[in-house]
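Atoms considered below: every heavy atom in the structure, side chains included; atoms not considered: hydrogens, waters and symmetry mates. Labels below follow one simple rule: chain letters A, B, ... track the order of the sequence lines, proteins then strands, and each chain is numbered from 1.
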Amino acid sequence: MWFRSDLRVYDNPALMAARNQGTTCAIYFATPEQWREHDWSEGKISLVVAQVEALSRELAKLNIPLTVLRVERFADIPERLACWVRECSVTQVFFNYEYEINESACADAVTAMLHGESVPAWGYHDQCIIPPGQIRTRTGGVFKVFTAFKKVFLEQFPTRSRGIFNRPEMQHAKPFKGNSDALSEIPVERRWRSLWPMGENEAHDRLNRFIEHKINGYRDDRDVPSLDSTSALSPYLTLGCLSTTQCMHAAMSANYGRYQDGNPGVLTWINELIWREFYRHLMFAFPDICRYRPFKPETDLLPWSRDEALFSAWKTGQTGFPIVDAAMRQLLHLGWMHNRLRMVTAMFLTKDLFIDWRWGERYFMQMLVDGDLASNNGGWQWSASTGVDAAPYFRVFNPVRQSERFDPKGVFIRRYLPELAALDDRSIHQPSAAQARACGYPLPIVDHRLAVDSVKAHFKALSLIDDDKAMPTVNALSVMG
DNA sequence: AGCCTGTTCGT
DNA sequence: CGAACAGGC
Ligand SMILES: Cc1cc2nc3c(=O)[nH]c(=O)nc-3n(C[C@H](O)[C@H](O)[C@H](O)COP(=O)(O)OP(=O)(O)OC[C@H]3O[C@@H](n4cnc5c(N)ncnc54)[C@H](O)[C@@H]3O)c2cc1C
């Protein structure tokens with residue numbers, strides 16, 4: 001069994017298939033250089049190391065030895081894997097598919113290399129509730145609108161989704177001794193492990209606690225960051241400590257097994273799981289997502305700003321907009337940010353500062369413990385209005401309005417911006433110049449109104465190009481300035 | 001899962 | 001003078 005971002009023994013299709021074929025051993029490749037190239041955060045790397053350690057203990061209980069090898073890049077994997085296969089006399093290899101281009105190319109190269117050794121390699125779909133590519137429009141196309149995708153997803157859920165797999169049965173004896181020493185060479189930070197304790201049991205506990213205590217209120221509370229009312233399961237899902245299939249079934253169990261009607265909290269949470277599913281299916285269909293291409297190609301013509309000073313103020317939480325700054329400091333502190341605030345901060349970067357969404361996408365990836373290409377790219381292209389089913393360009397968030405709506409008493413702002421704690425509930429969303437000075441807090445780095453007017457003009461110029469195909473692109477752009 | 005502005009109707 | 005709604009971006 002070749003493990004990647006599917007670091008669990010429960011509900012693991014490839015592991016189950018391997019075990020059904022006979023005596024099983026497991027391997028994991030730590031690829032620090034590749035992780036760096038993929039902008040994995042320090043936190044995510046620390047957590048993956050912790051999770052592989054935890055996995056090796058879980059596998060040991062089943063008498064399945066785990067070997068951890070360190071190579072720099074994916075390109076080194078096929079040969080090392082083939083070597084290991086020979087050494088251990090492995091006759092078949094099992095793995096779960098990943099849909100990012102480099103990950104899937106790596107699995108293809110592994111399959112080809114092993115084929116040369118007459119060792120078959122079998123891939124399984126584990127990341128999606130319904131395997132990508134299976135949800136189709138009537139004409140066989142790919143859904144680009146979420147609500148349409150969701151409708152068909154729910155219709156086909158009973159027939160196209162797999163059931164949950166149990167943990168495989170214990171083997172009578174370990175074929176050989178495992179070795180995860182290579183993990184100790186990877187530098188990790190303690191902080192992340194205490195913020196996000198790893199282990200499959202931990203993930204299950206958190207899922208159960210969420211279902212027991214929070215899912216009923218999820219519809220009404222999910223948008224209020226100070227309530228901590230969401231599951232915070234995303235880091236566990238990203239590493240594969242838990243599958244979305246397990247989440248789906250857990251949610252249904254709190255709703256008499258139903259997924260289309262009943263408990264509104266459950267239905268809203270399932271809706272979010274389907275967003276994750278939607279973005280993964282899209283990445284499978286459009287792998288160009290991994291090449292920093294926007295869904296709407298014409299938006300590449302927008303004259304995005306390259307202002308490093310503004311970008312830096314955003315990154316460090318010094319924009320002078322309290323809700324934005326509190327959110328960015330939550331990201332720095334936890335390696336995680338509430339969904340509402342991801343939208344607010346992404347919208348602020350791309351619309352108020354008019355900075356290229358790819359800068360933000362990359363920075364999020366470098367900071368998040370739940371960094372996931374499909375969801376992150378989906379979220380950024382939604383916010384930047386460059387995506388399929390994205391926010392229309394004119395539907396711009398006002399950061400102060402968002403703050404008043406979703407943090408009315410400033411509880412969240414005070415948590416991350418203690419320097420503003422003394423301000424009253426009304427002005428904390430938008431301190432006056434005098435208040436800001438007194439608190440040692442920056443003045444707003446942009447005029448929201450002006451910024452919004454200008455960004456709308458840029459997008460409108462684009463739609464002119466789009467409407468009038470006869471007009472050469474370059475001319476339209478130079479007219480716009 | 002938007003926000004602003006203007007209008008109309010009621011108090 | 002506020003709520004409710006419509007329309008534009
Ligand atoms: C700009 C931006 C960037 C994002 N980057 C990431 C990312 O790198 N990794 C990531 O996992 N999510 C990302 N998201 C989606 C979402 O913000 C997080 O999944 C969510 O905040 C995680 O918190 P939670 O586990 O408490 O979510 P819950 O509210 O408990 O939802 C449960 C699960 O559903 C999925 N989910 C929820 N909302 C979304 C969504 N909007 N899109 C896709 N999946 C969703 C997640 O897997 C989440 O763990 C991003 C969203 C935006 C707007």
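Rounded to an integer number of Å, the gap from CZ of A/Phe459 to C1' of B/dG2 is 15 Å. The distance from atom CG of A/Asp453 to atom P of B/dC3 is 15 Å, rounded to the nearest whole Å.
Within residues 381-397 of chain A, the residues approaching DNA chain B are A/Phe394, A/Arg395, A/Val396, A/Phe397, by heavy-atom distance under 4.0 Å. Within residues 349-361 of chain A, no residue places a heavy atom under 4.0 Å from DNA chain B. If you check residues 268-285 of chain A against DNA chain B, the residues with a heavy atom closer than 4.0 Å are A/Asn271, A/Glu272, A/Trp275, listed by number.
Under the 3.5 Å distance criterion, with hydrogens and angles disregarded, a donor-acceptor pair is assigned to the side chains of A/Gln381 and A/Asn377. Under 3.5 Å, the side chains of A/Asn96 and A/His125 contain no donor-acceptor pair of N or O atoms. Side-chain atoms of A/Asn12 and A/Asp126 form no donor-acceptor pair, as typed in the model, at a separation below 3.5 Å. Between the side chains of A/Gln51 and A/Arg8, not a single donor N or O lies within less than 3.5 Å of an accepting N or O. For the residue pair A/Gln435/A/Ser432, the side-chain donor-acceptor check at 3.5 Å is satisfied.
Among A/Tyr99, A/Phe143, A/Phe278, the single residue meeting the ring pair (Phe, Tyr, Trp, His ring centres under 6.0 Å) criterion with A/Phe284 is A/Tyr99.
Between A/His458 and A/Tyr393, the gap from one ring centroid to the other reaches at least 6.0 Å. In summary, the aromatic rings of A/Tyr28 and A/Phe3 are positioned with their centroids too far apart to meet the 6.0 Å limit.
Judged by distance alone, with hydrogens and angles left aside, the side-chain atoms of A/Asn255 form a donor-acceptor pair with the main-chain N or O of A/Asp261 at under 3.5 Å. Under a 3.5 Å cut-off, the side chain of A/Thr386 and the backbone N or O of A/Pro294 do not form any donor-acceptor pair.
In this structure, A/Arg449 reaches the B/dT5 phosphate: one of its side-chain N or O atoms is under 4.0 Å from OP1 or OP2. Phosphate contact (OP1/OP2 of B/dA1, side-chain N/O of A/Gln402, threshold under 4.0 Å): absent.
No contact: A/Arg342 has no heavy atom under 4.0 Å from any strand. Contacts of A/Phe406 with the nucleic acid, taken as non-hydrogen atoms under 4.0 Å apart, involve only primed sugar atoms and P, OP1 or OP2.
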